[in-house]
Amino acid sequence: MAVFKCKMCGGNLEVQDGMTVCECEYCGSIQAIPTNTDDNLRILFNRANVLRMKAEFDKAEEIYEKILQISPNEAEAYWGLILCKYGVEYVEDPKTLKRVPTCHRTSYDAIVADDDYKNAIENADISQKILYEEEARTIDQIQKGILSISQKEEPYDVFICYKETDESGKRTQDSVIANDIYYQLSEEGYKVFYAAITLEDKLGTEYEPYIFAALNTARVMLVLGTKPEYFNAVWVKNEWSRFLAAMKKNRSKLLIPCYKDMDPYELPDEFSHLQAQDMSKIGFINDVIRGIKKIIVKKDESMAGDAEEISNVVATEVLPLLKRAEMFLEDQEWKRADELCEKVLNSDPENARAYLYKLMAELQVANRVDLKNCKVSFENSNNYKKVIRFADQDVREKLTACINFIKERNETDRKNKIYNDALQLFEKGNAQSVNAAVEKMKSISGWKDSDEKIKEFSERYEVVVEKERVEKEEKKRIERLKSEYDRKYSALIEGKPKLFTEQYLKR
């Protein structure tokens, strides 16, 4: 009997051989479990699970990758990568007392389009698939809510990443420095994400939408630390590692490590290619502010082209029109939103945001996160093609993810319909319908348990064909006897009883 840790509460799960799904006796959660019960793999799974529950998602992800090197067809390892990628933690719902997922690493990418999710589904049995698909829908809904809130946030300029309290719960020196930087940057007119103030009126479970919005819109991140371990604190690393990932997609972003009372060589290896700043230097904050001004101005100029002329147009005409168009989209006034976008394009013909709003008006979508809920792919739309032509890489990737999600969902729906139609045909029971059911299942071979159904239906088809053959022969025999009886009966009626008796006795 193997003992695995519950993914939700950390309790022990006693797993019998052959089990792929079980219920935790401590929290009552039903969950998929590894199929490989090898002791070494079991230890790795439990270690990864503990790290994930501590929100050390990167470390847990490394262990799941190691498991897949040993057992490449382990569906639960692929699912573990998904939980790390989206920063999933299970918390107890105070009303139902059930464990429900929360996401600490939101992504614009749909979970069903993720390769690790596809591998988990492909390698899972039918019971595991049901659980994975159900939980993926839940995570997708959570992400949708986070994205909806985050898009209402005004863009940030600077994200200050630091450790607020030490092991004893006291305020760190890092937080004092962060506070000074926040106020000086704010006085300069920058919008700054500083957790102590930005999140002060939010509950812990509600942080992610605002962190996500800031990570994706801020051009500069300052990572502050007075001790090496503070840089690697769980939630500090969660923020700067996500920002580094965003930098790979958007080169205009910059991360500046800021250290004090430590050797710069003690900074995380991930910062080795970055220019770090010593916070103990006189005038450090002023130097950082000057650097931020140069970075943000340079970005503005690179986007503007003819800086003075275009910025005036944007400030006086384009931005207000786009804001009104966005409000019309929210009110589902599609035509008026489209008309305002046309006015924007008269002044700025390559405005990607205007084409995006025209696309939303065309598709009658009020919120850009709902583009993935369109019934059919919009890749052939001229407005979409214009967005792809003029938008930055981040927007292009998000729209591509929406299209991939739509295609994946529609393909899933198509296969599900074929699968259900095949089941209905099979239920009819005759040879023709059973044969048709076999052919439908063959067209989606590899989907769910279709291959098992093909075998089951084919065997049933042979039985039904034989049964119908026997029934057909019996029917012919009965018809022949009936015909013979009618002929003999006619002879009796015609006054030939002797002939009838002789013929009857010959039966």
Side-chain angles (χ1 to χ4, degrees), residues 4-11 13 15 19-35 45-46 48-55 57 60-61 63-64 67-68 73-148 205 208-209 212 369 372-373 401 404-405 408-409 411-413 415-416 447-449:
F4 289 97
K5 292 292 183 181
C6 173
K7 288 183 291 189
M8 284 67 169
C9 70
L13 302 173
V15 180
M19 291 177 62
T20 59
V21 171
C22 74
E23 181 177 356
C24 176
E25 63 177 299
Y26 301 99
C27 67
S29 302
I30 298 175
Q31 58 198 280
I33 52 176
T35 54
F45 265 114
N46 289 339
N49 194 50
V50 169
L51 288 170
R52 182 189 56 76
M53 293 179 70
K54 292 180 178 179
F57 302 114
E61 190 171 346
I63 296 179
Y64 286 122
I67 291 172
L68 288 170
N73 297 323
E74 182 57 68
E76 187 61 9
Y78 286 112
W79 183 251
L81 289 175
I82 288 292
L83 296 181
C84 293
K85 192 172 296 183
Y86 292 89
V88 176
E89 177 188 10
Y90 295 91
V91 297
E92 188 176 76
D93 187 324
K95 294 181 180 179
T96 64
L97 301 182
K98 292 183 178 180
R99 295 276 173 163
V100 295
T102 59
C103 294
H104 298 298
R105 287 184 166 184
T106 306
S107 170
Y108 285 110
D109 299 328
I111 189 171
V112 295
D114 190 281
D115 288 337
D116 290 323
Y117 173 77
K118 293 177 182 178
N119 286 328
I121 294 298
E122 181 180 345
N123 291 286
D125 65 15
I126 186 63
S127 299
Q128 290 175 317
K129 283 181 184 179
I130 292 172
L131 290 177
Y132 292 153
E133 288 172 348
E134 180 180 351
E135 192 156 349
R137 285 192 291 270
T138 301
I139 294 172
D140 184 66
Q141 287 299 316
I142 293 171
Q143 287 216 116
K144 183 177 179 181
I146 291 172
L147 291 172
S148 177
T205 54
E208 176 60 17
F212 179 78
V369 297
K372 66 180 181 180
N373 295 326
N404 291 338
F405 178 88
E408 183 80 17
R409 182 202 62 209
E411 180 63 7
T412 298
D413 291 343
K415 289 181 177 179
N416 273 332
W447 177 253
K448 292 185 176 180
D449 60 343

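- Pairing each heavy atom of Cys27 with each of Met8, the nearest pair is SG-CB, 4.0 Å.
- Between atom CD of residue Glu61 and atom NZ of residue Lys85 there is a gap of 6.5 Å, rounded to the nearest 0.5 Å.
- The CD1 atom of Ile146 sits 11.5 Å away from the CD atom of Gln141 when rounded to the nearest 0.5 Å.
- Residue Ile63 holds its CD1 atom at 12.5 Å from CG of Leu68, rounded to the nearest 0.5 Å.
- Among residues at least two apart or in separate chains, salt bridge (Lys or Arg N to Asp or Glu O under 4.0 Å) pairs with a member in residues 132-142 are Asp140-Lys372.
- Distance check: Thr106 OG1 to Ile139 CD1 gives 11.0 Å after rounding to the nearest 0.5 Å.
- Side chains of Trp79 and Glu74 form no contact here, defined as non-hydrogen atoms less than 4.5 Å apart.
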Under the side-chain contact (heavy atoms from CB on, under 4.5 Å) rule, what do Tyr78 and Asp115 come out as? Steps first, then yes or no, please.
CA-CA 9 Å; Tyr78 286 112; Asp115 288 337; over 6 Å; no
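- For the pair Asp109 and Gln143, the tightest heavy-atom approach, listed with the atom from each and the gap, is O-NE2, 3.7 Å.
- Ile142 and Cys103 get closest at one heavy-atom pair: CG2-SG, 3.9 Å.
- Rounded to the nearest 0.5 angstrom, Leu13 CG and Asn49 CG are separated by 9.0 Å.
- Looking only at distances, no side-chain donor or acceptor of Glu89 sits under 3.5 Å from a matching main-chain atom of Ala55.
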Using the side-chain contact (heavy atoms from CB on, under 4.5 Å) rule, take Arg99 and Gln31 through it: C-alpha gap first, then chi angles, then the decisive distance, then the call.
CA-CA 11 Å; Arg99 295 276 173 163; Gln31 58 198 280; over 6 Å; no
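- Checking each of Leu83, Val100, Thr102 against Tyr90 for a side-chain contact (heavy atoms from CB on, under 4.5 Å) leaves exactly one that passes, namely Leu83.
- A distance-only check finds a donor-acceptor pair linking the side chain of Asn46 to the backbone of Lys5 [under 3.5 Å].
- Annotation for Phe57 and Arg52: closest pair CE2-O, 3.6 Å, computed over non-hydrogen atoms.
- Listed by first then second residue, pairs satisfying side chain to side chain donor-acceptor pair (under 3.5 Å) with a partner in residues 118-130 read Thr20-Asp125, not counting sequence neighbours.
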Evaluate side-chain contact (heavy atoms from CB on, under 4.5 Å) for Lys448 paired with Asn416, printing each intermediate quantity in order.
CA-CA 9 Å; Lys448 292 185 176 180; Asn416 273 332; 2.7 Å; yes
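- Atom OG1 of Thr412 and atom CH2 of Trp447 lie 4.0 Å apart (nearest 0.5 Å).
- Partners of Val112 under the side-chain contact (heavy atoms from CB on, under 4.5 Å) rule, at least two apart in sequence or in another chain, are Ala110, Tyr117, Phe405, Glu408.
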Verdict with reasoning, Tyr64 to Cys84, per side-chain contact (heavy atoms from CB on, under 4.5 Å)
CA-CA 9 Å; Tyr64 286 122; Cys84 293; 3.8 Å; yes
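- Between Ala32 and Leu131, the shortest heavy-atom distance links the atoms N-CD1, 3.5 Å.
- In terms of heavy atoms, Ser107 sits closest to Tyr86 at CB-CE2, 3.9 Å.
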